[in-house]
Amino acid sequence: MRRADRLFEIIQLMRRRPTVTARELGAALEVSERTIYRDIADLAASGVPIEGEAGVGYTLRPGFDLPPLMFKEAEIEALVLGARIVESWADGELAEAATDVIAKIEAVIPERLRGYMAGTALLAPETHFVEPLGFDLADLRRALRQRLRVHFGYTDVLGQVSERTVRPLSMAFFGPVWVLAAWCELREDFRTFRLDRMRGFTVPELAPFRPEPGKTLHDFLKRPGTWTRGAAGASDG
């Protein structure tokens, strides 16, 4: 968790309870009490009206609130449409997260904007065609976040089948297909793979990797036409 996010969560936790101890805050946020003490001191120094002391507990004085988020109408439309697209096209976990994001934003924007946000007429209907996947997209997203190698059987555009172990670098959605950009350890080069052509997808837990020069997403993106080949339908060998 980023420190800015933790400071926000501390305030939110204190708003829910009349008094809360550093131990309780640390347990909720999975950090040490010493970290909480430093965070409380920084919040107080920045003007947040916190009362109390170490070993006793902390209270947020009544009347304090975070400033409301301000958005232009086009910004609200961008947020809502983006969330609805994710809800419609992504995996269940990411769709639920998109719904939660919208709920959190609605909770902190001014009242006059909430109705506009709820009534935004930009939709992403669920009645669409998408190539079915043989595995949970959330597993691949986790591998991307944690830099874990993935293994799968792959059928290319010519119908040839191969086994691949790759370092996942990025996912892109070209509708109705998802494409993975990766460093392929079989070919010792960058390759792109349509996710709907993968079978037997696994994430070996003991197969992490570290970024290496020449094998990173930045290096991949410097190559012209890489995503174009992937969107066209297949890995290039």
Side-chain angles (χ1 to χ4, degrees), residues 1-2 5 8-9 69 71 74-109 114 116-155 157 164-184 190-205 207-209 216-218 220-221 226-235:
M1 179 185 293
R2 297 181 308 166
D5 295 331
F8 177 80
E9 288 298 326
L69 294 177
F71 292 104
E75 292 172 336
I76 288 178
E77 291 175 348
L79 286 168
V80 173
L81 178 59
R84 288 174 178 172
I85 290 174
V86 171
E87 289 173 338
S88 181
W89 289 93
D91 59 271
E93 182 183 61
L94 209 57
E96 184 177 352
T99 302
D100 290 344
V101 166
I102 293 301
K104 288 181 179 179
I105 293 174
E106 286 181 332
V108 295
I109 61 175
R114 292 178 188 170
Y116 182 80
M117 189 171 188
T120 298
L122 300 177
L123 306 176
E126 295 183 2
T127 54
H128 55 68
F129 174 73
V130 60
E131 292 288 354
L133 304 183
F135 63 95
D136 190 343
L137 198 60
D139 291 337
L140 178 53
R141 291 192 294 103
R142 178 174 64 87
L144 278 166
R145 288 195 306 269
Q146 299 179 7
R147 295 197 178 111
L148 298 173
R149 290 176 176 85
V150 300
H151 182 84
F152 52 86
Y154 192 72
T155 304
V157 69
R164 304 295 182 108
T165 296
V166 307
R167 302 179 181 194
L169 301 175
S170 181
M171 286 167 46
F173 182 64
F174 290 94
V177 300
W178 283 93
V179 175
L180 171 69
W183 175 265
C184 179
F190 294 112
R191 291 292 187 269
T192 52
F193 303 92
R194 279 181 46 164
L195 271 57
D196 58 298
R197 292 182 175 164
M198 296 178 181
R199 295 295 180 269
F201 180 92
T202 61
V203 184
E205 295 295 336
F209 65 90
T216 67
L217 177 60
H218 178 71
F220 168 80
L221 293 175
T226 46
W227 279 126
T228 303
R229 290 198 298 273
S235 170

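All heavy atoms count here, side chains included; hydrogens, waters and symmetry mates do not. Note that the structure is a prediction, hence the values are computed from the model and not measured.
Taking the side chain as every heavy atom from C-beta outward, Glu131 and Leu195 never approach each other to under 4.5 Å. Taking 4.5 Å as the limit, every side-chain heavy atom of Asp136 sits out of range of all side-chain heavy atoms of Glu93.
Residue Glu96 places its CD atom among 12 or fewer non-hydrogen atoms of other residues, nucleotides or ligands, all under 6.0 Å distant.
The side chain to side chain donor-acceptor pair (under 3.5 Å) pairs that include a residue from residues 166-176 are Arg167-Glu185, Arg167-Glu212, where partners are two or more places apart or lie in different chains.
With Arg149 contributing its side chain and Pro208 its backbone, the two residues share a donor-acceptor pair below 3.5 Å. Using a distance-only test at 3.5 Å, with no hydrogens or angles considered, a donor-acceptor pair links the side chain of Arg84 to the main chain of Leu122. In this structure a side-chain-to-backbone donor-acceptor pair under 3.5 Å is present from Arg114 to Ile109. Proximity of a side-chain donor or acceptor of His151 to a complementary backbone N or O of Val166 within less than 3.5 Å is not detected. Of the possible polar contacts, one joining the Ser88 side chain to the Pro125 backbone as a donor-acceptor pair under 3.5 Å is found.
For the residue pair Leu123 and Leu81, the shortest heavy atom distance occurs at O-CD1, 4.1 Å. Taking every heavy atom of both residues into account, Phe135 and Leu140 meet most closely at CE1-CB, 4.1 Å. Across Leu144 and Leu169, no two heavy atoms sit closer than the pair CD2-C, 3.4 Å. Taking both residues in full, the closest heavy atoms of Met198 and Leu180 are given as CE-CD2, 3.8 Å, listed atom of the first, atom of the second, then distance. Nearest heavy atom pair, residue Tyr154 against residue Arg194, reads OH-N, 2.9 Å. Across every non-hydrogen atom of Val203 and Asp139, the tightest pair is CG2-O, 4.0 Å.
Here the CZ atom belonging to Phe220 is positioned 11.0 Å from the CZ atom belonging to Arg191, to the nearest 0.5 angstrom. Remark: Met117 CE to Ile102 CD1 distance equals 4.0 Å, nearest 0.5 Å. To the nearest 0.5 Å, atoms OG1 (Thr216) and CZ (Phe190) are separated by 6.0 Å. For the atom pair CZ (Arg199) and CG (Leu133), the distance works out to 8.5 Å, reported to the nearest 0.5 Å.
With sequence neighbours excluded, the residues satisfying ring pair (Phe, Tyr, Trp, His ring centres under 6.0 Å) with Phe173 are Trp89, Trp178.
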message = Does Asp5 form a side-chain contact (heavy atoms from CB on, under 4.5 Å) with Phe8? I'd like the steps, not just the answer.
response = CA-CA 5 Å; Asp5 295 331; Phe8 177 80; 5.6 Å; no
request  = Could you go through the side-chain contact (heavy atoms from CB on, under 4.5 Å) check for Arg142 and Leu148 one step at a time?
outcome  = CA-CA 8 Å; Arg142 178 174 64 87; Leu148 298 173; 3.7 Å; yes
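In this structure, the ring of Phe152 has its center less than 6.0 angstrom from the ring center of Phe193.
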